[in-house]
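Below is one structure; the comments refer to it alone.
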Number of protein chains: 2
Amino acid sequence: MKTTIKDVAKLANVSISTISRVMNSPEIVAPEKRQRVLEAIEQLRYHPNALARGLIFKKTKTIGVLVPDVSNAYYAEAIRGMEDAAREMGHNIILSNTDKNKKRLGDSLQVMAEKRVDGLIFMSEPVSSEDYELLRATGLPLVLAATHSLEYDIPSIKVNDEQAAYDGAVYLIGQGHRRIAMISGRPADTVAGLPRLQGFLRALRDAGLELDVERCVAYGDYRFEHGYEAMKRLHRSYPELTAVFAMSDEMGLGALSYLHEVGVKIPAEVSVLGFDNTRMASMAIPPLTTVGQPIARIGYGAVQKLLKVLDGEACELRTELAHELVVRDSVIALISQQ
Amino acid sequence: MKTTIKDVAKLANVSISTISRVMNSPEIVAPEKRQRVLEAIEQLRYHPNALARGLIFKKTKTIGVLVPDVSNAYYAEAIRGMEDAAREMGHNIILSNTDKNKKRLGDSLQVMAEKRVDGLIFMSEPVSSEDYELLRATGLPLVLAATHSLEYDIPSIKVNDEQAAYDGAVYLIGQGHRRIAMISGRPADTVAGLPRLQGFLRALRDAGLELDVERCVAYGDYRFEHGYEAMKRLHRSYPELTAVFAMSDEMGLGALSYLHEVGVKIPAEVSVLGFDNTRMASMAIPPLTTVGQPIARIGYGAVQKLLKVLDGEACELRTELAHELVVRDSVIALISQQ
DNA sequence: CTGAAAGCGCTTACAG
DNA sequence: CTGAAAGCGCTTACAG
């Protein structure tokens, strides 16, 4: 069916060894012969079978990517970065959605192990001990993207979540806000939820601001609907707030929607600050000011890092990428208070 | 390194043939032996090497997916559907972003051919003749998702774009709108741009409405910024409009943003209708009424279809999935005109 | 410089 | 029921 090395050998009238040589170390074969082989390859549109090569080299140049859900804007953008890096390094990506479900994760891992991917990138919230066991059982090199592990020594790449939330809160305070509420991730999420909450609280403390966590913090799982509900709750429990810091753009948009619904002007009456800087932040009304993560670069960096460990190169265990405040129109300066 | 069939054979004290048999047709091997082998497999956590099997079966159970850009919400959702279907059928997906760039497409295709993916799914706007040549040169089975080809007989799955646009326009008209503008895709895009424009025009014609295409239709490439600019243009060229039909949710959001900026109330003064029903439609302010495509199901159906052609099963050439009007809050009924 | 041979990890007729 | 052998498509020492 597909043309094989034998077909080329026959056409060029040499042994298959020679064909293999012109493909792998051309300089070692006689010029005229090399030329003849090249022509045969061209003529037959010969493409070496990567399965056969993989069997020999024990490398497939493909990496397995595990994310909760591609259809989420954040993960989609990270995957874009991964594919770009993979492509540049001559690799491919096999994508798997885990839905944060052990069974799905286990199944994917099993198949990836059988297909002999060179390594794994795991992207999600905290690496639970079950996740870790599953991951480790494959024996495959692993890099964490947008998450990390404090219990296990797994290379990872992410933003400094505590500091990012701190900086976001400081910005709000600098704009004159004193009554600030937070739409937080779950404190049980020790990778993003808890540290961001801590960063937020540290900023308020440093500014000498009091804050009743019960009244001023609502929780959600980073999704639009949660942001909407959380905002509704805060609007009642903390009606005097002048600013809300949401820990994802989606939750920020949810807050925007709720406030708009009840007729609160943004940012005139309430300022909203988001987190992530996904593309939707700029599509909000008003365009959402947000603490930006370099999402695609996290993905890009994750595969770079994985390829380094595959090459046995040294690399730092936990890479930290810089976040950046992206100022748009959803936060207003409270001049009156200055 | 990795444990192989030989290790298992040694441990179970049988030949490798027997190991292979218990993995592929267990009923054919003696019960006690089978048991012994199963234990050895378990104990060594043996996973057969998919490369070796692929070499023999000439099947890799992986399919290559080519999309313009995963980070686009529409494609991300389709990919989700594809992965779900692939997983259910025991397949994997190798993802590649083409950026609608011949070079990238060619490179991806080359690698996918070498890795011997079982088939290809191509998702994008029209299949150009160069695209087609590239695709065909791989010799791999192909299915088109959210696009089709009228020149070539390639199995495809999509919505009826002309009818969907027609139905959207009819809805607007039914709500009492008479002065309707359109933010269209490019007419050069013969898969979505042109047919939707035609469907829109047909609806107005059927309703006996006059429309000056020059003044009332603006064009864009489905992105937010284009929707924004197009709306700005329409606002000047056709100030008396009461409704705008945007051919993507992103462009709809762009229109919303522009109108909000210039103080036009939505939907009180202008109604906006989107297309696609991506998740962001529900996150808009106001929530966007839109002509919905079953995006994930298009992806799901595309791999189902591909697997059918791989199995040599018969399947229709062009599958059409139903669209559906999703009513939210961005379109108002013009009572006064009824 | 080049061919024959062994081997990568599996499967499957072919003989027993 | 089961083992030895050939073969999937390649690569690479090993001899010339």
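Order of the sequence lines fixes the chain letters, A, B, ..., with proteins taken first and strands second; residue numbering starts at 1 for each chain.
Checked against D:dC10, C:dT11, C:dG3, the side chain of A:Pro48 finds its nearest nucleotide in D:dC10. Distance from the side chain of A:Ile5 is smallest to D:dT11 among D:dT11, C:dG3, C:dG9. Distances were taken from every side-chain heavy atom of B:Asn49 (C-beta onward) to each of C:dG9, C:dC1, C:dT11; the shortest belongs to C:dG9. Among D:dT11, C:dT2, C:dC10, the nucleotide with an atom closest to any side-chain atom of A:Ser20 is D:dT11.
Taking atom CD of A:Glu114 as the reference point, atom C1' of C:dT11 lies 15 Å away to the nearest angstrom. Going from atom CD1 of A:Ile16 over to atom P of C:dA5 covers 11 Å, rounded to whole Å. Distance, A:Leu55 CG to D:dT11 P: 12 Å, rounded to whole Å. In this structure, the NE2 atom of A:His47 is 12 Å from the P atom of D:dC10, given to the nearest Å. Put simply, CZ on A:Arg36 is 13 Å from C1' on C:dC1, counting in whole angstrom units. Note: CG (B:Leu51) to P (D:dC8) measures 17 Å, nearest angstrom. Computed from coordinates, the B:Ile41 CD1 to C:dG9 P distance equals 16 Å when rounded to whole Å. The CD1-C1' distance, from B:Ile56 to C:dT11, rounds to 4 Å in whole Å.
Heavy atoms from other residues, nucleotides or ligands lying under 6.0 Å from CZ of A:Arg297 number 12 at most. Counted within 6.0 Å of CD1 on A:Ile28, heavy atoms from surrounding residues, nucleotides or ligands total 12 or fewer; the atom is thus considered open. Heavy-atom neighbours of B:Lys6 NZ from other residues, nucleotides or ligands within 6.0 Å: at or below the threshold of 12. Enclosure of atom NZ in B:Lys102 by more than 12 non-hydrogen atoms of other residues, nucleotides or ligands within 6.0 angstrom is indicated.
In terms of position on DNA chain C, the residue among B:Arg21 and A:Glu32 whose nearest nucleotide sits closer to the 5' end is A:Glu32. For B:Thr18 and A:Phe57, each mapped to the nucleotide of DNA chain D holding its nearest heavy atom, the one lying further toward the 5' end belongs to B:Thr18. Between A:Lys6 and A:Ser25, the one whose closest nucleotide on DNA chain D sits nearer the 5' end is A:Lys6.
Side-chain atoms of A:Lys115 come within 3.5 Å of backbone N or O of B:Lys61 as a donor-acceptor pair. Remark: side-chain polar atoms of A:Arg34 are paired, donor with acceptor, to backbone N or O of A:Val29 under 3.5 angstrom.
The side chain of B:Lys58 contributes no N or O atom lying less than 4.0 Å from OP1 or OP2 of D:dC8. At D:dG9, none of the side-chain N or O atoms of A:Arg53 fall inside 4.0 Å of OP1 or OP2 (strictly under the cut-off).
Nucleotides C:dG16 and C:dT12 have their C1' atoms positioned 16 Å apart, rounded to a whole Å.
Taking only distance into account, the side chain of B:Ser15 never meets the base of D:dA4 through a donor-acceptor pair shorter than 3.5 Å.
Using N1 to N3 plus N6-O4 or O6-N4 for Watson-Crick, or N1-O2 and O6-N3 for G-U wobble, each under 3.5 Å, D:dG3 pairs with C:dC14.
Contacts of A:Ser17 with the nucleic acid, taken as non-hydrogen atoms under 4.0 Å apart, include base atoms.
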